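Worksheet for the structure shown next.
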Amino acid sequence: MSPVTARLVTIVILALSLARAEALEVLTRDGGPIAGPAIAHGAEFARATGVAVHVTPRPFDALYGEVMMGFVIGRTPADVLILPADWLPDVAPYLMPVPEALVHSPLVQGIHPAYRDRQMRWRGQWMAVSLDGDLHMGAYRRDLFDDPATQAAYRTQTGHALQPPKTWAEYDRIAAFFQVGGVPGTLEASAENGQRLWSIFSHAAAYTAHPDHPGHFFFDPETMAPEIDNPAWVRALHEYLDAIATAPGPALPSHGVRTGFAAGKAAMALDWSDIGTVATDPSSSKIRDRVGFFALPGTEEVWNPVTKRWDRLDAPRPVPFLAFGGWIAVVPRGAADPKSAWDYIAFMADPARAAKDVMSGASGFNPYRLSQLDDTAGWSQLMGAQAATDYLSVLRESLSAPQTAPDLRLPGYPAYMAALDARIGRVLAREMTPEAALAAAAADWDRITDRLGRASQRRHYREAMGLEVSP
């Protein structure tokens, strides 16, 4: 081979290498959260490895359809997909398993088991890597709760001490007290396409989690008859409506809940753990040094799905809810460069980078690694010592609770959610009663289950609820 030919061959090889690097495509939702870290880490990854990363953001409402349509017609949507964990049942048949070396690496093993073992596997296989850990928690104004005059007034009016709520009854009572006194009681998501369903799920979790009859959150795990119209759900929906009524004004999306609370617009709020970083941000929060946190309230009564009656518990029992479950990264089977795809995911999930992401209110990522829950010094520097202590305590308590409710996790998940949300919208528009809306939604869910196959949905649901293990 002549020197000229050799040089040409080298140029061609380099060109092909660059073309391959440019072909590492990442698809995720649009906006600063989620897409922002994907883009920023993609640029870092390119500088470190020479493999370019192109992130394509899509509106959240269009993302599921684009991904699934690509799979159905045989077109790989991207080399890396960053998606909600609850979509894994639908996309899993089209994915590569996580490489064994990555599964057994400290990077993956350092993810909290509540997310690692629930969100990264499907049908017994490791199919995803968690980048985020989602659960709902409460936030409250310490300055209002600690005020002696307010404490005295609350005790006079209710006969109880004013403290962060342990039960949903206390939560509603406190919210109503503040509203009567001229302070909006609590903020929760209620806007259309504003993630309101997860707030309702949070209210329902404790009422549906009978210790003797696990797995009845959404369905009867034996028959797959929907449970979302039983008295537990009816009570939860009524209490949710009472709660949002204590904060007059336009319906809020989840982001509006956390920014509204940070602006000092309510005594309490219920949201994802993003609320911790947003409410304590010195550049935007008006209450940054006056914030406390509490775990989702519990209940002294739980619905018995067998006897069809309320059972009294020995003490109030919280049931944390892994609302939405978080965001995961996956690699489709048709990825052009699987090695680079997994390298990029590992790069993005590196503990040092992940720690910075979860401490940024703009990232959309919340704590999900064991090390993040132990970083008291880092969170104290960010939030202040007292807020950090409260915040980490709530996260640890929620993730280690004896009963933690997982989100709905089934093939056809978006169809179930859309059907229920449409009925809830009619309740909020005062077009249906809560009872009628939940009954109609249950009928919708029954039809969806029949279309997707009741036997297979039963198997999937029982596995998701921890009642069965895949072979």
Side-chain angles (χ1 to χ4, degrees), residues 7-31 34-60 62-85 87-105 107-108 119-123 125-132 326-350 353-354 357 364-365:
R7 184 172 299 174
L8 288 173
V9 169
T10 300
I11 291 172
V12 169
I13 292 173
L14 287 172
L16 289 173
S17 175
L18 287 172
R20 184 169 60 251
E22 292 174 355
L24 185 60
E25 296 286 339
V26 179
L27 179 64
T28 190
R29 63 158 291 175
D30 62 354
I34 316 304
I39 293 168
H41 294 315
E44 296 171 17
F45 182 77
R47 290 193 294 271
T49 67
V51 177
V53 176
H54 177 250
V55 178
T56 300
R58 287 285 183 265
F60 182 79
L63 184 60
Y64 176 86
E66 180 169 337
V67 168
M68 291 306 298
M69 180 62 72
F71 286 141
V72 169
I73 66 175
R75 177 180 56 80
T76 303
D79 298 300
V80 174
L81 305 175
I82 301 176
L83 305 171
W87 294 2
L88 187 58
D90 282 327
V91 301
Y94 307 98
L95 303 180
M96 291 182 175
V98 181
E100 284 292 320
L102 184 54
V103 169
H104 298 296
S105 71
L107 185 147
V108 165
Q119 312 296 358
M120 291 173 51
R121 293 191 292 185
W122 183 247
R123 302 298 295 150
Q125 281 195 301
W126 297 94
M127 305 301 297
V129 173
S130 287
L131 300 176
D132 171 38
W327 289 78
I328 55 173
V330 299
V331 176
R333 286 204 302 257
D337 189 353
K339 182 182 183 304
S340 292
W342 287 116
D343 286 347
Y344 166 73
I345 291 171
F347 186 91
M348 190 169 177
D350 173 78
R353 295 184 187 88
D357 285 341
F365 291 143

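A quick note: this is a predicted structure, and the numbers were derived from the prediction, not measured. Numbering of residues begins at 1 and proceeds along the displayed sequence.
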Give me the atom names and distance for the closest heavy-atom approach of [X] to [Y].
| X | Y | result |
| --- | --- | --- |
| A354 | A349 | CB-O, 4.1 Å |
| A92 | W122 | CB-CD1, 3.5 Å |
| L63 | R29 | CD2-N, 3.7 Å |
| M348 | H41 | CG-CD2, 3.6 Å |
| L131 | A329 | CD1-CB, 3.9 Å |
| A341 | V80 | CB-CG2, 3.6 Å |

Report the distance from atom [atom1] of [X] to atom [atom2] of [Y], rounding to the nearest 0.5 Å.
| X | Y | atom1 | atom2 | answer |
| --- | --- | --- | --- | --- |
| L83 | L88 | CG | CG | 9.0 Å |
| I328 | Q119 | CD1 | CD | 7.5 Å |
| D350 | I345 | CG | CD1 | 14.0 Å |
| S340 | F347 | OG | CZ | 12.5 Å |
| R333 | L95 | CZ | CG | 8.0 Å |
| D337 | Y344 | CG | OH | 14.0 Å |

* Do we see a donor-acceptor contact under 3.5 Å between the side chains of Y64 and D90? ->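 There is such a pair (donor and acceptor under 3.5 Å, judged by atom type) between the side chains of Y64 and D90.
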
Can you list, pair by pair, the side-chain donor-acceptor contacts under 3.5 Å of residues 67-74, counting residues two or more places apart and other chains?
none

* **side-chain contact (heavy atoms from CB on, under 4.5 Å) between W327 and T28, intermediate numbers included** => CA-CA 10 Å; W327 289 78; T28 190; 4.0 Å; yes

* Asked: Between Y94 and W87, is a ring pair (Phe, Tyr, Trp, His ring centres under 6.0 Å) present by the stated rule, with each step listed?
  -> CA-CA 12 Å; Y94 307 98; W87 294 2; over 10 Å; no

* **Any donor-acceptor N/O pair, D79 side chain to A336 backbone, under 3.5 Å** =>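 Looks like yes, one N/O pair under 3.5 Å.
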
* **salt bridge (Lys or Arg N to Asp or Glu O under 4.0 Å) contacts in which one or both residues fall within residues 38-48, not counting sequence neighbours** =>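 As it turns out, the salt bridge (Lys or Arg N to Asp or Glu O under 4.0 Å) pairs with a partner in residues 38-48, which skip direct neighbours, are E44-R353.
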
* To do: Sort out for me which residue in I82, I39, V55 forms a side chain to side chain contact (heavy atoms under 4.5 Å, CB included) with I34.
  =>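 For I34, the side chain to side chain contact (heavy atoms under 4.5 Å, CB included) test succeeds with only one of I82, I39, V55, which is I82.
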
* Asked: Among T56, L81, V53, whose side chain to side chain contact (heavy atoms under 4.5 Å, CB included) with V26 holds?
  ->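 Among T56, L81, V53, the one meeting side chain to side chain contact (heavy atoms under 4.5 Å, CB included) with V26 is V53.
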
* To do: Identify, with sequence neighbours excluded, every residue that meets salt bridge (charged side-chain N to carboxylate O under 4.0 Å, His left out) alongside R58.
  =>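 Counting only residues at least two positions away or on another chain, R58 forms a salt bridge (charged side-chain N to carboxylate O under 4.0 Å, His left out) with E66.
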
* To do: Run the numbers on W342 and V129 for side-chain contact (heavy atoms from CB on, under 4.5 Å), then give the verdict.
  => CA-CA 9 Å; W342 287 116; V129 173; 4.1 Å; yes

